[in-house]
Enquirer: 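Next up is a structure, given as structure tokens.
Numbering starts at 1 and runs along the sequence shown. In listed order, ligands and their atoms are each counted from 1.
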Amino acid sequence: MEKHYCIVLRTADYKDYDKILTLFSRSDGRIDAQARGARRLKSDIATAAQLLSCGEYEFYKKGDKLFLTTALIKQEFYHVQNDFDKFAAACVMLELSDKLLQNTDDYEDLFLALIYALFAMEQGTLSHTQALAYFFARIVERMGIFPAIGTCAVCGNETGGDPAAFSMEEGGEICGECAPHVATVSVPRSALLSLVKMGGARPQDIVQSAAGEQEAGSVIDLMSRYLENMMEVHLKTMKCFREKSL
Ligand SMILES: [Zn+2]
């Protein structure tokens, strides 16, 4: 028997009554497991096999496959599930976690960033935009690809203009001298300062480090494109979020 503290990142129907779950284990990263009978009306594991369910999961192993036996659910993120904007932001976080787990073994911080971001939306201490902006900022920080801010990504000179010129290809801010030679997008300085503050804040400090609503929107827009450029992470769920929120 195996025990993991997990959150459900993805579910897929399988056979007549089963589900295949993609879970994020706090200690072990990504886990795939089969939830037998989870779609039956009176299944004991129906709730555990839902997207966003989080708690203590138990599995048994047969060959190299894991089967969910029971779970003690601590959090279902009910308000997130039932609010379109919050749910759209949560789906981006889940997809991002799923994709990035293959590139890291720093599970603990990523797991906590996800849980605290969801929890802030659940409790309404942060808007869905603020919560998602934090998640993006923390992710790029923990993946070791935090952009150059305050110094030019090309020549290393100090930068300071507002708006700032940001290059996806060079990975950060570009100074006035280098800007004519590089493709850049214009970003409010306040959004970059928020990005630095959120990226450096522990998941426990998510509320104190939150960006303003406008800065948060800019950070999400910038970092989703940045991740796509740096790591070829194409987020299907961002389309839905963008149409609705940005
Ligand atoms: Zn420069």
Enquirer: Can you check the number of protein N/O/S atoms within less than 2.8 Å of the Zn ion (ligand 1)?
Expert: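 Near the Zn ion (ligand 1), the number of protein N, O or S atoms below 2.8 Å is 4.
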Enquirer: Heavy-atom count around Tyr17 OH within 6.0 Å, excluding the residue itself: above 12?
Expert: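 No, not enclosed.
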Enquirer: Indicate, with yes or no, if the rings of Phe59 and Phe67 have centres closer together than 6.0 Å.
Expert: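 Ring centres of Phe67 and Phe59 not closer than 6.0 Å.
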Enquirer: Which pairs count as ring-ring contact (aromatic ring centres under 6.0 Å, His included) when at least one residue sits in residues 149-170, sequence neighbours excluded?
Expert: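 Applying ring-ring contact (aromatic ring centres under 6.0 Å, His included) to every pair that reaches into residues 149-170, excluding sequence neighbours, yields Phe166-Tyr226.
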Enquirer: Which residues pass the side-chain contact (heavy atoms from CB on, under 4.5 Å) test with Ala210, not counting sequence neighbours?
Expert: Leu126, Gln130
Enquirer: Are any non-hydrogen side-chain atoms of Pro203 and Tyr134 less than 4.5 angstrom apart?
Expert: yes
Enquirer: Tell me the ring-ring contact (aromatic ring centres under 6.0 Å, His included) pairs involving residues 86-107, sequence neighbours left out?
Expert: none
